[in-house]
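What follows is a single structure, written as C-alpha cells, with notes after it.
Along the sequence shown, residues carry numbers from 1. Note that the structure is a prediction, hence the values are computed from the model and not measured.
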Amino acid sequence: MAMGVVLTTAARVYDARALIIPSGLLMGSAYAVAKPWFVSRSEILHRVITFVPMVLHVLLLGGVVILAVDGLPDDPVPAGLALVGVWIFHVFCGVPEPTGFAYERLAGRLTWAVVLQVFSMACGTAGIALCLTRGLPVPERFEPVVVGTSLGLIVALCTASLKVFSRGRRLATRLAGEARQMARCLERLSRGGAAEMSRLQEAAEDAWDALELTLRSKIETGFHLSGTFVIPNEELRSLKAAVTEAIAAPGSRSYEEAAVKLTMLRTACHDKIDIAA
C-alpha cells in the first residue's frame, strides 16, 4: 500500500514537471519576443501600456462596489462586508501606480492618490454602517444609538476626506516651493564666484535636505507602509545623484539634468498649489 502511494505521488510530480518545463519555456520565449517589440514602441504607447494595471485596479474596485450596491436590498451584510473589503484591500495593497514616466505622471498621481484614498474610505465607512444597522441583532431601544453612531461615522468620513484633500494640496505647495528653491540655489551656485562658493554650496545642501524629505513623503497618508510615492525610489536616487554632483561641480552636465527634473516637479504641482491649505 505504502509503495503504491509513493509511486502514485512520484507519477503526479513527474506529470507536473512535464507541464512546468514546457510552460516555463513558453513564457520565456514569449518574454524574449515581446520585450524587443515593447522597447521599440513609441513613448505614448509605453505610457498607455504601463498604465493598464492601474486601470484594471480601478475597474476591479468599481466592479466590487457596483455588485455590492446591486445586492444591497437582498443581502445588506455581505454588501457591507464587500465595501469594507475594498477599503482594506486599498490600505494594504495600494494602487499599482506605474513607476515609468515618473515626472510626467506626477500631476495625475497627486490627484488619483487622493481621490482613491477618499473613495476607499467612503466604501469602508458605508460598509461598517451597513453592518451596524442591518447586521447586528440590536434591540429596538438601542436603535437610536446605532443610527447616531452611523451618523457619527459619516461626519468622521467627511472630516477625514477634507484632511486628505488638504494634505494633497499642502504637499504639492511645499513640493513646488522647495523645488523652486533648489533650482535657485543651483543657479546661484553655477554663477557664483570662488569666494562665495562654500556658502552657496551649504545653502544648496540645506535646500536639498528639505526637498528630499518632501519627496520621501506619501501623497495621501502619513503611514509609510501604505500610500503612493511622490516619485519612485529609483528616480529619487537619480535626482539625488544629479543634485549632489551639481553642488560639487557647478555648471556640469548634472546641473542641466537636475534643473530639468526640478522644473518638471514644479510644473506638475502648478495647478494644485494652495498656500492656505
Side-chain angles (χ1 to χ4, degrees), residues 31 34-35 38-39 41-61 89-120 164 167-183 186 205 207-247 253-273:
Y31 176 78
K35 183 178 179 181
F38 179 76
V39 171
R41 296 305 95 186
S42 65
E43 178 180 330
I44 296 178
L45 187 58
H46 273 239
R47 295 182 67 171
V48 171
I49 293 175
T50 54
F51 199 68
V52 168
M54 185 173 178
V55 174
L56 295 178
H57 175 84
V58 174
L59 292 177
L60 174 63
L61 295 185
F89 179 79
H90 179 81
V91 168
F92 288 99
C93 296
V95 181
E97 178 70 32
T99 57
F101 307 98
Y103 297 95
E104 294 84 352
R105 284 180 167 140
L106 178 57
R109 186 158 56 249
L110 290 170
T111 299
W112 275 109
V114 171
V115 170
L116 289 177
Q117 176 73 5
V118 172
F119 172 76
S120 67
V164 173
R167 175 186 174 88
R169 296 194 305 272
R170 188 166 58 249
L171 178 66
T173 304
R174 183 172 177 177
L175 182 59
E178 292 174 351
R180 180 184 295 107
Q181 182 63 27
M182 185 75 253
L186 292 180
E205 289 172 353
W208 169 251
D209 289 340
L211 177 59
E212 185 180 17
L213 291 177
T214 303
L215 291 173
R216 291 187 180 277
S217 302
K218 299 294 185 179
I219 294 176
E220 73 275 36
T221 176
F223 300 101
H224 282 267
L225 296 178
S226 175
T228 307
F229 52 78
V230 178
I231 58 174
N233 290 330
E234 298 79 6
E235 290 294 340
L236 179 56
R237 288 192 292 267
S238 176
L239 178 60
K240 182 177 182 178
V243 170
T244 302
E245 186 175 347
I247 295 174
R253 181 177 300 179
S254 295
Y255 164 72
E256 298 178 359
E257 178 186 351
V260 170
K261 291 182 177 180
L262 291 171
T263 300
M264 295 176 73
L265 285 176
R266 293 164 51 193
T267 303
C269 300
H270 182 269
D271 294 334
K272 297 175 177 60
I273 294 176

For [X] and [Y], work out which heavy atoms get closest and say how close.
X: G100; Y: R105; answer: O-NH1, 2.9 Å
X: P232; Y: A102; answer: CD-CB, 3.4 Å
X: A176; Y: R266; answer: O-CG, 3.8 Å
X: A258; Y: L186; answer: CB-CD1, 4.0 Å
X: A107; Y: A268; answer: CB-O, 3.5 Å

Give the intermediate values and the outcome of side chain to side chain contact (heavy atoms under 4.5 Å, CB included) for residues E235 and F229.
CA-CA 11 Å; E235 290 294 340; F229 52 78; over 6 Å; no
Test log, rule side chain to side chain contact (heavy atoms under 4.5 Å, CB included), inputs L265 and L262:
CA-CA 5 Å; L265 285 176; L262 291 171; 4.2 Å; yes
Heavy-atom check, side chain of [X] versus side chain of [Y], under 4.5 Å:
X: M54; Y: L116; answer: yes
X: L106; Y: L110; answer: yes
X: I231; Y: R109; answer: yes
X: H90; Y: V95; answer: yes

Under the criterion side chain to side chain contact (heavy atoms under 4.5 Å, CB included), I'd like the reasoning laid out for L213 against D209: C-alpha separation, chi angles, the key distance, then a yes or no.
CA-CA 6 Å; L213 291 177; D209 289 340; 5.9 Å; no
Got a second to check how far [X]'s [atom1] is from [Y]'s [atom2], nearest 0.5 Å?
X: E212; Y: S217; atom1: CD; atom2: OG; value: 10.5 Å
X: R167; Y: E220; atom1: CZ; atom2: CD; value: 8.0 Å
X: L211; Y: R174; atom1: CG; atom2: CZ; value: 10.0 Å
X: M182; Y: W208; atom1: CE; atom2: CH2; value: 8.0 Å
X: F89; Y: H57; atom1: CZ; atom2: NE2; value: 5.5 Å
X: L171; Y: K272; atom1: CG; atom2: NZ; value: 11.0 Å

Could you go through E234 and R237, starting from their C-alpha distance and side-chain angles, then the distance that decides it, and tell me whether this counts as side chain to side chain contact (heavy atoms under 4.5 Å, CB included)?
CA-CA 5 Å; E234 298 79 6; R237 288 192 292 267; 3.6 Å; yes
Would you sort out whether E97 and T228 count as a side chain to side chain donor-acceptor pair (under 3.5 Å), showing the intermediate values?
CA-CA 8 Å; E97 178 70 32; T228 307; 5.9 Å; no
Is a side-chain N or O of S226 found less than 3.5 angstrom from the main chain of V91, in a donor-acceptor match?
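Between the backbone of V91 and the side chain of S226 there is a qualifying donor-acceptor contact (under 3.5 Å).
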